[in-house]
Amino acid sequence: MLYLDANASEPLRPAARTAALVTMEADGNPSSIHAIGRNARNIMESARETVARHCFARPADVIFTSGATEGNVLAIYALGRDRPILVGATEHDSIRATAPDAIILPVRSDGTIAPETLDEALAQNPGALLCLMAANNETGVLHDIEFAAKSCATHGALLHVDAVQVIGRCNRDWLGMGASSLSLSGHKFGGPMGAGALIVRQGIEVTALTKGGGQEQGRRGGTPPLPAIAGLAAALGEVYEADKIASYRDEIEEFCINLGAIAPGGTAPRLPNTTNLALPGVRAETQLIALDMAGFAVSAGSACSSGKLAASHVLTAMGYGDLAGQAIRVSLPWNMQAESVEKFTMAYAAMVKRALRRAEHSA
Ligand code: PMP
């Protein structure tokens, strides 16, 4: 099986696996006072320093969580209290479901938000919380966080950045630009599942949603998932070959466009590893199944818990209409090999050929 679904979860980095296994063997709870507990605490604090360094933050501002869903929810509760909340139309469900009454900022057809749309919405809602993802998980489209942060500063707003898809791929100093908080998730950059972090700028109070033993300075109760945290930190230290991955992505995209696919978001600044490919008239589910049977793991829209596919809210917001149910996401993993490009394009071509034949029969 060729895995091309890195935005759902990057393959585990060997260094992360080793760090997680070593930590599992070490035993101990970081809250315990004895030597074994102190050793566990050292592992956790060293991981905290690594996360802080990669995110241009202070270790004290890093709150370990179970992942980015928890980080996003915690951010909205901590920063959004008594403020109007603004969210981009293509945000992740963890944001949209936690702020169901939020004011939605529409995106343009390339998936970005017009600067004047953002500025006007912030001007009309002074002191708001704006939730904006650094990169979209379905299209890879990057939002202009620097502009958003400046606009937030002008209008007395706070900015929460869902940085899940960019951390480990193209880190930037979002806090330095003026963001108030950042969420990240270890398994999205080659760490194990089960650990993530919310980073909150000094001076912003965070009240725990899970109250209990006072862990994370009272901001997140519960024993932290230490092996996953150690793995997360180890994965952050690994090199990501963005240019190489982007060249593979571009080759795949160009090939598929030549066969009739449309690439939503393809003209906007994007993550290096992501292409969204809509094939007019062919349901996403049909494409996924055909590729799955040919040995390729890709994804589409959002899979709900029943395993059925709903039309992508991201492409719908970009104005793609029926095509929102006819697009697949190909997201290349960090360990993508050059020969996999040809393997995938051949399988895609075979799928398109079959779809055309079927369309001819039914015409
Ligand atoms: N935000 C974005 C942009 C994501 O892609 C995801 C994962 N699909 C999440 C948040 C949630 O992350 P986690 O799996 O760690 O809960």
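Sequential numbering from 1 along the given sequence is applied to the chain's residues. When a ligand or atom number is given, it counts from 1 through the structure's own listing order. These numbers were taken from a predicted model, which means no experiment stands behind them.
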Chemist: List the closest protein heavy-atom neighbour of atom 12 (O) of ligand 1: residue, atom name, distance to the nearest 0.1 Å.
Modeler: Ala68 CB, 3.3 Å

Chemist: Can you report which non-hydrogen protein atom sits closest to atom 8 (N) of ligand 1, along with the distance?
Modeler: Lys188 NZ, 2.8 Å

Chemist: At under 4.0 Å between heavy atoms, is it the side chain or the backbone of Ile95 that contacts ligand 1, or both, or neither?
Modeler: neither

Chemist: For ligand 1, which atoms, with element, lie under 4.0 Å from some heavy atom of Gly67?
Modeler: 15 (O)

Chemist: Can you list the atoms of ligand 1 that are under 4.0 Å from a heavy atom of Met133?
Modeler: 3 (C)

Chemist: Using atom types as modelled and distance alone, determine if a side-chain donor or acceptor of Arg249 lies under 3.5 Å from a backbone N or O of Ser331.
Modeler: no

Chemist: Return the minimal non-hydrogen interatomic distance between Thr90 and Asn136, and the atom names on each side.
Modeler: O-ND2, 2.9 Å

Chemist: In the protein, which heavy atom is nearest to atom 14 (O) of ligand 1, and how far is it?
Modeler: His187 NE2, 3.0 Å

Chemist: Heavy atoms, side chains only, cut-off 4.5 Å: are Pro272 and Asp243 in contact?
Modeler: no

Chemist: Out of Asn136, Thr69, Thr65, whose heavy atom is nearest to atom 11 (C) of ligand 1?
Modeler: Thr69

Chemist: Counting non-hydrogen protein atoms only, what is the nearest one to atom 4 (C) of ligand 1? Give residue, atom name and distance.
Modeler: His92 CD2, 3.5 Å

Chemist: Are the side chains of Leu158 and Arg83 in touch, meaning some heavy atoms are under 4.5 Å apart?
Modeler: yes

Chemist: I need the Ser183 OG to His160 NE2 distance, nearest 0.5 Å.
Modeler: 3.5 Å

Chemist: Taking only heavy atoms of Asn137, which atoms of ligand 1 are found under 4.0 Å from at least one of them?
Modeler: 3 (C), 5 (O)

Chemist: Taking atom types as modelled, is there a side-chain donor on Asp5 or Ser299 under 3.5 Å from an acceptor on the other?
Modeler: yes

Chemist: For this output row, return yes or no: ring centroids of Phe255 and Tyr348 closer than 6.0 angstrom.
Modeler: no

Chemist: Is Met193 in contact with ligand 1, taking contact as a heavy-atom separation below 4.0 Å?
Modeler: no

Chemist: Which residue holds the protein heavy atom closest to atom 15 (O) of ligand 1, what is that atom called, and what is the gap in Å?
Modeler: Ser185 OG, 2.5 Å

Chemist: Students should be able to answer this: which protein heavy-atom is nearest to atom 5 (O) of ligand 1, and at what distance?
Modeler: Gln165 NE2, 2.9 Å

Chemist: Nearest heavy-atom pair of Phe64 and Glu216: which atoms, and what distance?
Modeler: N-OE1, 2.7 Å

Chemist: Any side-chain donor-acceptor pair under 3.5 Å between Gln165 and Arg169?
Modeler: yes

Chemist: Looking only at distance, does Asp162 have an N or O less than 3.5 Å from an N or O of ligand 1?
Modeler: yes

